[in-house]
Amino acid sequence: MEQWSDARTPTQYKLFKSNGRHVRDLELNADYASRYCAPDVPKRDFFEFTTDGVTLNGFMLCPTDFDASKRYPVIMVQYSGPGSQQVTDRWGIDWIHYAATQGYVVACVDGRGTGGRDRAFKTMVYRNLGHYETLDQLAAARHLAQQSWVDPDRIGIWGWSYGGYETLMAMSHPDSHYAAGVAIAPVTSWRYYDSTYTERFMDYPQSNAEGYDNSAPINHVDGLKGRLLLMFGSADDNVRTINSLQYIAQLHLRDVMFDMMVYTGMNHSINGCGVRLPLYRRVMEHFDTHLKHP
């Protein structure tokens with residue numbers, strides 16, 4: 001069986017004999033394509049740029065009525081975790097497509113440490129999580145800000161789990177100019193995360209104390225810029241709630257204003273009980289408030 005898709009073609013399933021002869025189509029998702037490949041659905045376009053001598057890959061979604069003479073707000077979405085890869089030429093529909101229909105340019109860039117590249121690119125972040133990922137997200141924001149159709153004062157960033165962690169790191173960097181960000185279920189110190197994952201990329205805390213300190217968003221709260229929306233489930237089974245609670249304590253100590261949504265009894269995925277729609281509605285309200293009407 002052959003299975004394939006690309007950024008503009010839903011998954012195709014076809015049956016072949018061992019000699020390569022096509023037997024029949026199993027599922028071409030024609031009905032699905034008629035709805036989600038329509039002209040009024042934003043399309044994914046790929047781009048690349050170079051920073052620190054490294055070429056990074058990205059994609060963007062623009063409103064279908066895009067006008068290059070206008071200036072648009074931008075939502076940067078990312079995960080950024082070691083070995084992950086979001087910039088791929090394969091089919092997918094998500095909330096970011098809806099965001100593009102609401103007048104946003106949505107962009108995603110895989111920074112150093114992510115997968116699909118060579119070993120040096122992936123392992124550069126060893127013992128130093130959050131450093132190169134942040135430099136690359138900031139470089140992506142600068143690249144976007146240089147486009148004539150982007151409003152450089154209305155760029156936001158979003159992420160969940162490791163992406164939430166990177167959102168906090170990027171918003172707290174001295175060179176950050178994000179107007180707003182949404183961090184969902186973020187790690188705020190690798191000392192609070194499970195050792196199986198953490199020590200694979202950070203070594204032991206006893207032998208890399210400086211790395212653990214530098215990579216912890218709770219140690220960079222003083223630098224937080226832009227309006228933050230912090231979201232998490234009270235029963236998170238992966239990134240324990242101590243991560244968000246400790247970060248909130250640091251925000252309070254420094255009199256930093258922020259917004260927060262807690263999902264009672266929800267785990268790391270914050271799913272079920274009809275909660276996903278209001279979750280993304282709250283995300284969009286945050287960006288509408290601070291990017292569309294700063």
Considering residues at least two apart in sequence or located in another chain, which fulfil the ring pair (Phe, Tyr, Trp, His ring centres under 6.0 Å) criterion with Y126? none
With S234 via side chain to side chain contact (heavy atoms under 4.5 Å, CB included) - residues at least two apart: V262, T264
For H177, enumerate each residue passing the ring pair (Phe, Tyr, Trp, His ring centres under 6.0 Å) test, keeping only those at least two apart in sequence or located in another chain. none
Considering the options Q78, Q85, E133, which one meets the side-chain contact (heavy atoms from CB on, under 4.5 Å) requirement together with D110? Q85
Closest contact, heavy atoms only, A38 versus K43: O-NZ, 2.8 Å
Applying salt bridge (charged side-chain N to carboxylate O under 4.0 Å, His left out) as the test, list every pair that has at least one member in residues 218-244; sequence neighbours left out. D222-R254, R227-D259
Scan the side chains in residues 269-277 for donor-acceptor partners under 3.5 Å anywhere in the protein, sequence neighbours excluded, and list what turns up.
residue	atom	partner	partner atom	Å
S269	OG	N267	OD1	2.8
R276	NE	S269	O	3.3
R276	NE	I270	O	3.1
R276	NH2	S269	O	2.8

Holding to ring pair (Phe, Tyr, Trp, His ring centres under 6.0 Å), I want the full list of residues that pass it with F47, two or more places apart in sequence or in another chain. H143
Expected output: side-chain Y104 to main-chain F287 donor-acceptor under 3.5 Å: yes
Where is the tightest heavy-atom contact between V150 and A145, given as atom of each residue plus distance? CG1-CA, 4.1 Å
Check whether the ring centres of H252 and F258 lie less than 6.0 Å apart, and answer yes or no. yes
Nearest atoms (heavy-atom pairs only) where L61 meets A100: CB-CB, 4.0 Å
Can you list everything that forms a ring pair (Phe, Tyr, Trp, His ring centres under 6.0 Å) with F66? Sequence neighbours excluded, please. Y72, W149
Other cluster members, Y132 - Ile/Leu/Val/Met/Phe/Trp/Tyr, side-chain contacts below 4.5 Å: Y79, M124, V125, L129, L135, Y162, Y165, M169, V187, W190, Y193, Y197, F201, M202, Y212, V239
Please list, chain by chain and in numerical order, all residues satisfying salt bridge (charged side-chain N to carboxylate O under 4.0 Å, His left out) with D136, sequence neighbours excluded. R112
Side chain to side chain contact (heavy atoms under 4.5 Å, CB included) partners of N19, counting only residues at least two apart: K17, R21
What are the two closest heavy atoms between P186 and S244, and how far apart are they? CD-OG, 3.8 Å
Between I93 and V41, is a side-chain contact (heavy atoms from CB on, under 4.5 Å) present by the stated rule, with each step listed? CA-CA 10 Å; I93 287 281; V41 178; 4.1 Å; yes
Would you please name every residue forming a salt bridge (charged side-chain N to carboxylate O under 4.0 Å, His left out) with D25, sequence neighbours left out? none
The salt bridge (charged side-chain N to carboxylate O under 4.0 Å, His left out) partners of R8 (sequence neighbours excluded) come to D45
